[in-house]
Number of protein chains: 2
Amino acid sequence: MRILLVEDDQRIRQDVTTALEAAGFVVDAEANGEEGWFLGDTETYAAAILDLGLPGMDGLTVLKRWRAEGRDFPVLVLTARGAWAERVEGIDAGADDYLPKPFRMEELVARLRAIIRRSGGQANPVVIVGETELDTRQMRLTVRGVPVNLSPQEYRLVAYLMLHKGRVVPQQELSEHLQSVHFERESNAVEVLVGRVRRKLPTALIETRRGFGYIVNEPDGSS
Amino acid sequence: MRILLVEDDQRIRQDVTTALEAAGFVVDAEANGEEGWFLGDTETYAAAILDLGLPGMDGLTVLKRWRAEGRDFPVLVLTARGAWAERVEGIDAGADDYLPKPFRMEELVARLRAIIRRSGGQANPVVIVGETELDTRQMRLTVRGVPVNLSPQEYRLVAYLMLHKGRVVPQQELSEHLQSVHFERESNAVEVLVGRVRRKLPTALIETRRGFGYIVNEPDGSS
DNA sequence: TTGAAAATGACAAAACGCTGACAGACCCGA
DNA sequence: TCGGGTCTGTCAGCGTTTTGTCATTTTCAA
């Protein structure tokens, strides 16, 4: 389930991204209004989270344009505390729900799930690839129904790859997502991690694309 | 189960808080309307108890604002004796029930439970996981029909986990829900609590997901 | 064939959660 | 009001798991 997040505050963007990914969503995070609008216009999302105060293009404008073009994915609007006018405008512009800052991550996730469900999509917390099943609610990976005992880091790795299945994920992207502020120069931490995960899995889930990164794919699929 | 109480009368506020805590709720008590509104707007509550005559911001206004923003937790309104007009207004503004002062604490608690249940939050007062049964009405946990003697805090822990069964609950979320005043600091209070509960239970109900949190699951269940 | 990329095994430090002990707060009955 | 019991958070210690690094070997694509 792919979510578009448009939020200029670096800190909030990071926190929300982390929380959503932990909740099993795939997140495209964007700081700039113009860029965000473009993504929402060209990509397919289950929902969008939109901050109203944005550089580039104002959040309200972004929302209005989407709606004007017939993009009907649900949109959750983030507003500053007490900004009544904004909220009303947001609803008028076609927002499905709004959340005043500051908010709790837990609530954000709950509301997001709510609007997705309401919109007919289903916020399914389970990702299936071949015989492997990832349950993001239970944070558990099972192969042929048998649970696999993974360490936190290992779980995050598999979860990230599975949530991005069908796409080659560069090593650097992985290491960025596995530890927030952890840019290494020459570390093979990811390789070691992949190795450990593979040893625990009875099937060949993670494929290596030498020189590019790793990918999790449907058994038949190709890319 | 967390309740917001907005009531300016110091005495009543104290009494109600005591009664609710005795009934197993976690209470955030607030005297000022503005502050109460803010809390209801930003925090997550199972229900709110709202006095209509408030300093700062009138109770009705508080309620209307919550509803205008889509806060749909149930609200129990306290009114002065014989103030019929107020009650009608309260209902119109989105109150779920009202209680004229003076009232008996038992009745307050009963009505509060009623509106929480009615709100669909927890329609069923009984949650069953394997051989363990949680009766939220009696605030009792039984295993194979045998009641388990739990302290209030221990009960809340088990109740929260059981009400969220099948989902990994992070430690932080637990401590947020177990304490009305939440001090963000590193403490192993939750771990200690979990340990105490486990010692009292004959079965392995609470599972640890190292690095993530705790989870209560159906014995066989995987989804 | 060859050199870079990836996999592997070993290791030590760090992180994490569990436990027992303890002390202050609180409650209740005498 | 006093005294004992309960509840709850803190702390330090402990064992286990986790994780990054390094050295080395293997693999792969040009």
Comparing nearest nucleotides in DNA chain C, the 5'-proximal residue of the pair A:Gly195, A:Arg210 is A:Arg210
Next item on the list: Could you tell me whether B:Asp15 and B:Arg11 have a side-chain N and a carboxylate O separated by less than 4.0 Å?
Entry: yes
Got a salt bridge between A:Arg209 and A:Glu207, using NZ or NE/NH1/NH2 to carboxylate O under 4.0 Å? yes
When rounded to whole Å, the CG to C1' distance for the pair B:Leu193 and C:dG20 reads 16 Å
Separation of D:dT18 atom P from B:Phe212 atom CZ, nearest Å, is 10 Å
Side-chain contact check for A:Tyr214: nearest option of D:dC11, D:dC22, C:dA6 is C:dA6
TODO: Return no unless some side-chain N or O of A:Arg196 is found under 4.0 Å from OP1 or OP2 of D:dT19.
DONE: no
Taken to the nearest whole Å, CG/A:Leu174 to P/C:dA7 is 12 Å
Whole-Å distance, B:Glu154 CD to D:dT6 P, equals 13 Å
So that I can tick it off, tell me whether B:Arg144 and B:Glu131 are bridged by a salt bridge, with the cut-off set at under 4.0 angstrom between side-chain N and carboxylate O. yes
Run B:Arg167 and A:Thr136 through side chain to side chain donor-acceptor pair (under 3.5 Å) and show every step you take. CA-CA 8 Å; B:Arg167 188 187 125 222; A:Thr136 57; over 6 Å; no
To the nearest angstrom, the CZ-P distance between B:Arg209 and C:dG17 comes to 13 Å
Among the nucleotides C:dA7, D:dT10, C:dA6, whichever has the atom closest to the side chain of A:Gln171 is C:dA6
When rounded to whole Å, the CD1 to P distance for the pair B:Ile215 and C:dG17 reads 15 Å
Q. Within the structure, does a side-chain N or O atom of B:Ser151 lie under 4.0 Å from either OP1 or OP2 of D:dT6?
A. no
Considering only heavy side-chain atoms of A:Gln153, the closest of C:dC22, D:dG20, C:dT19 is D:dG20
Does any donor-acceptor pair link the side chain of B:Asn188 with the base of C:dT19 at a separation under 3.5 Å? yes
In short, B:Gly166 meets A:Gln138 closest at the heavy-atom pair O-CG, 3.2 Å
Here the distance between atom P of D:dC7 and atom CG of B:Leu157, to the nearest Å, is 15 Å
The residue, B:Ala189 or B:Leu150, whose nearest nucleotide of DNA chain D is more 5′ is B:Leu150
Testing C:dG17, D:dT19, D:dT10 for proximity to the side chain of B:Thr208, the answer is C:dG17
Taking D:dT19, C:dA6, C:dG17 as options, the one with an atom nearest any side-chain atom of B:Glu191 is C:dG17
Note: for A:Val192 and A:Asn149 on DNA chain D, the residue whose nearest nucleotide lies more 5' is A:Asn149
Of D:dT18, D:dT10, D:dA23, the nucleotide closest to the side chain of B:Ser187 is D:dT10
